[in-house]
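When a residue number appears, it is its place in the shown sequence, counting from 1.
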Amino acid sequence: MEADYKVKLDIFEGPLDLLLYLIKQDEIDIYDISLERITSQYLEYLQAFKELNIELAGEFVVMAANLIYLKSRSLLPVDQQPPEEDAGEDDPRWELIRQLIEYKSWNRRGFSRAKVRHH
């Protein structure tokens, strides 16, 4: 008996869209994201895109670099954290969480980045 293989390719409007998809897939609260897990999953998706010869937009690669940076910061002891101009929080996830919440809010209002660009 041969196994049937299906490939489902989700279209993501941008890196935040992919991150929200991964968070929803894991059924976790946006405030409880694990930088280690989300970075791993994100990089796996980028690798899959590469293997399928899907051209990656620069913004996806920039987000991957940002996730790796945040993950590396989260591994450092607090007294060894790099100085940040706007680091009001000790948790390096806060800026990412803020961006995700803002993006999610825009999506709920029915705006997509494509619509915003064309108007």
Side-chain angles (χ1 to χ4, degrees):
M1 183 164 105
E2 291 184 27
D4 291 330
Y5 294 99
K6 292 183 182 179
V7 176
K8 182 179 181 219
L9 185 61
D10 292 297
I11 303 299
F12 303 105
E13 290 186 20
L16 291 173
D17 201 32
L18 173 54
L19 286 173
L20 285 174
Y21 170 80
L22 294 172
I23 290 167
K24 184 178 178 182
Q25 190 177 36
D26 275 357
E27 298 177 352
I28 57 172
D29 187 273
I30 207 165
Y31 293 100
D32 296 327
I33 60 173
S34 159
L35 284 174
E36 181 179 350
R37 180 154 173 77
I38 200 84
T39 300
S40 254
Q41 291 174 325
Y42 190 89
L43 293 175
E44 285 173 16
Y45 260 82
L46 292 189
Q47 184 61 35
F49 291 161
K50 185 178 178 181
E51 289 172 6
L52 293 170
N53 292 323
I54 296 173
E55 189 174 320
L56 291 174
E59 60 190 324
F60 283 90
V61 177
V62 168
M63 179 58 76
N66 188 42
L67 287 170
I68 292 168
Y69 170 74
L70 291 174
K71 180 181 171 184
S72 67
R73 273 194 60 200
S74 71
L75 298 173
L76 289 174
V78 175
D79 63 333
Q80 294 181 10
Q81 291 288 325
E84 295 281 336
E85 298 84 33
D86 58 347
E89 302 291 337
D90 290 333
D91 189 339
R93 298 176 305 161
W94 284 115
E95 178 60 22
L96 178 62
I97 290 169
R98 185 197 61 74
Q99 289 175 358
L100 288 166
I101 290 170
E102 186 177 308
Y103 183 81
K104 192 174 182 179
S105 173
W106 273 81
N107 279 348
R108 282 192 179 144
R109 290 186 221 142
F111 292 104
S112 74
R113 291 167 9 118
K115 289 179 187 174
V116 172
R117 281 189 200 140
H118 294 298
H119 293 317

What residues, two or more places apart in sequence or in another chain, satisfy side chain to side chain contact (heavy atoms under 4.5 Å, CB included) together with [X]?
| X | value |
| --- | --- |
| Glu36 | Ser34, Lys71 |
| Leu43 | Thr39, Leu46, Ala64, Ile68 |
| Asp32 | Asp29 |

>> So Tyr103 and Glu13, do their side chains get closer than 4.5 Å, heavy atoms only?
In response: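 In contact.
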
> Do the non-hydrogen side-chain atoms of Leu19 and Ile33 ever get within less than 4.5 Å of each other?
Replying inline: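 Of all side-chain heavy-atom pairs linking Ile33 with Leu19, none is under 4.5 Å.
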
> Going from CE on Met63 to CG on Leu16, what distance comes out if it is rounded to the nearest 0.5 angstrom?
Replying inline: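 Between Met63 CE and Leu16 CG, I get 4.0 Å after rounding to 0.5 Å.
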
> Which value, rounded to the nearest 0.5 Å, describes the distance between Leu96 atom CG and Leu70 atom CG?
Replying inline: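 The CG atom of Leu96 sits 6.0 Å away from the CG atom of Leu70.
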
>> By the salt bridge (Lys or Arg N to Asp or Glu O under 4.0 Å) test, which pairs, at least two apart or in different chains, include something from residues 42-54?
In response: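 Every candidate salt bridge (Lys or Arg N to Asp or Glu O under 4.0 Å) pair involving residues 42-54 fails, so no pair, neighbours aside, qualifies.
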
>> Would you call the rings of Phe12 and Tyr45 parallel, tilted or perpendicular, taking 30° and 60° as the class edges?
In response: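 Perpendicular.
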
> Which class fits the ring pair Trp94 and Tyr31: parallel under 30°, tilted 30 to 60°, perpendicular over 60°?
Replying inline: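 Tilted, since the angle between the ring planes falls between 30° and 60°.
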
> Shortest non-hydrogen contact from Ile97 to Ile30?
Replying inline: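 Closest approach of Ile97 to Ile30: CG1-O, 3.7 Å.
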
>> Test of understanding: clusters of I, L, V, M, F, W, Y form through side-chain heavy atoms closer than 4.5 Å, transitively. Do Leu20 and Ile101 belong to the same one?
In response: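 Leu20 clusters together with Ile101.
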
> Considering residues at least two apart in sequence or located in another chain, which fulfil the salt bridge (Lys or Arg N to Asp or Glu O under 4.0 Å) criterion with Arg98?
Replying inline: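 Partners of Arg98 under the salt bridge (Lys or Arg N to Asp or Glu O under 4.0 Å) test: Glu95, Glu102.
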
> Yes or no on side-chain contact (heavy atoms from CB on, under 4.5 Å) for Leu35 and Leu75, after CA distance, side-chain angles and deciding distance?
Replying inline: CA-CA 10 Å; Leu35 284 174; Leu75 298 173; over 6 Å; no

> Residues in side chain to side chain donor-acceptor pair (under 3.5 Å) with Asn66, at least two apart?
Replying inline: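 For Asn66 there are no side chain to side chain donor-acceptor pair (under 3.5 Å) partners, ignoring immediate neighbours.
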
